[in-house]
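Worth saying up front: this structure is predicted, and the values here are computed from it rather than measured. In the text below, chain A, chain B and the rest are named by the order of the sequence lines, each starting its count at 1.
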Protein chains: 2
Amino acid sequence: MEARRDVYQAIADPTRRAIINMIATQPQNVNAIAEKFDVTRQAISLHIKILNDCGLLAVKKQGRDRVCEARLEQLSEVSAFVDQYRQHWESKLDSLEKYLAKLKQERHGEQH
Amino acid sequence: MEARRDVYQAIADPTRRAIINMIATQPQNVNAIAEKFDVTRQAISLHIKILNDCGLLAVKKQGRDRVCEARLEQLSEVSAFVDQYRQHWESKLDSLEKYLAKLKQERHGEQH
DNA sequence: CCATTATGCAAGTATATGCTTGCAAATATA
DNA sequence: TATATTTGCAAGCATATACTTGCATAATGG
């Protein structure tokens, strides 16, 4: 389990996206995170390790607890990738919007 | 190879991101795409299948060619996920920007 | 019609991934 | 100090992933 370890790979897993979601608003320790999922603590611990490896979270040692804090700056890379194609889907939505607007207008025309 | 098949998984692979990049501006057939990579045509064909499965591209049959066209609307899902954390990294950049601006101003102060 | 070209399908392989159980280490609490 | 809690590490396992080679199919062009 030591291969490609980038932010795309990290967010590919739904459990890891959920973990990100959990700690984005409030840092939490490993056990607190693990309790919210059906899998074992070790499974979650590994997900946290992966997220840590690619810089999406930072672990702070507080006594015997290890508190996980979101570090989501790396997501800007994904944002940049997606945004360069924004026109591809935004224009589609625009088209749909225009189509619906036109449709609505035509219906109004019918009624009047 | 029939498991999780979502857009996050699709863009996790660098080859698939490269394929997306290639066909985003200009649709191309399978062989034309495969020629640009070091792996075999079959490997690329599988990547195309995966991209097709999750709706990131459409395949149009033209004679014996199969032309791949980008369909990047699905990326809006990734965009939505990333954007909800935008403050996490944008504020960091803002801080850095402000810091640099301040630094620059202070240097000006020294010189004058 | 036959050779070429574009492509898919199937089988096989090495490694990655996601998960488990078991155990050890470190810290906190009674 | 004895016990409980938080966590990491290691081994093992089933499946997914990324890739290969070999062969079949379908369309094009001489």
Please report, rounded to the nearest Å, how far the [atom2] atom of [N] is from the [atom1] atom of [X].
X	N	atom1	atom2	value
Asp65(A)	dT5(D)	CG	C1'	9 Å
Ile44(B)	dC9(C)	CD1	P	17 Å
Arg17(A)	dG18(C)	CZ	C1'	15 Å
Asp53(B)	dT17(D)	CG	P	11 Å
Gln9(B)	dA18(D)	CD	C1'	12 Å

Taking only the side-chain nitrogens and oxygens of [X], find out if one of them lies under 4.0 Å from OP1 or OP2 of [N].
X	N	result
His47(B)	dC19(D)	yes
Ser45(B)	dT7(C)	no
Gln62(B)	dA27(D)	no

Nearest of dC19(D), dG18(C), dT17(D) to any side-chain atom of Asp13(A)?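 Ranking dC19(D), dG18(C), dT17(D) by closest atom to the Asp13(A) side chain puts dG18(C) first.
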
Quick one: which of dT17(C), dT7(C), dA18(D) gets closest to the side chain of Arg5(A)? dT17(C)

Sub-4.5 Å side-chain heavy-atom contact between [X] and [Y]:
X	Y	result
Lys36(A)	Gln28(A)	yes
Ile11(A)	Leu75(A)	yes
Asp53(B)	Lys49(B)	yes
Val78(B)	Tyr8(A)	no
Thr15(A)	Ile44(A)	yes

Main chain of Gln9(B), side chain of Arg16(B): is a donor-acceptor contact present, judged purely on distance under 3.5 Å?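 It does hold such a pair.
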
Which pair of heavy atoms, one from Tyr85(A) and one from Phe81(A), lies closest together, and at what distance? CD1-O, 3.3 Å

For Phe37(A) versus Met22(A), what's the shortest heavy-atom pair and its separation? CE1-SD, 3.7 Å

Under a 4.0 Å N-O cut-off, is there an ion pair linking Glu69(A) with Arg71(A)? yes

Those residues of residues 18-37 of chain B lying under 4.0 Å from DNA chain C by at least one heavy atom: Asn29(B), Val30(B), Asn31(B)

Which nucleotides of nucleotides 20-26 of chain D have their base under 4.0 Å from a protein heavy atom (B), which only their sugar-phosphate (S), and which neither (-), written as one string 5' to 3'? BBB----

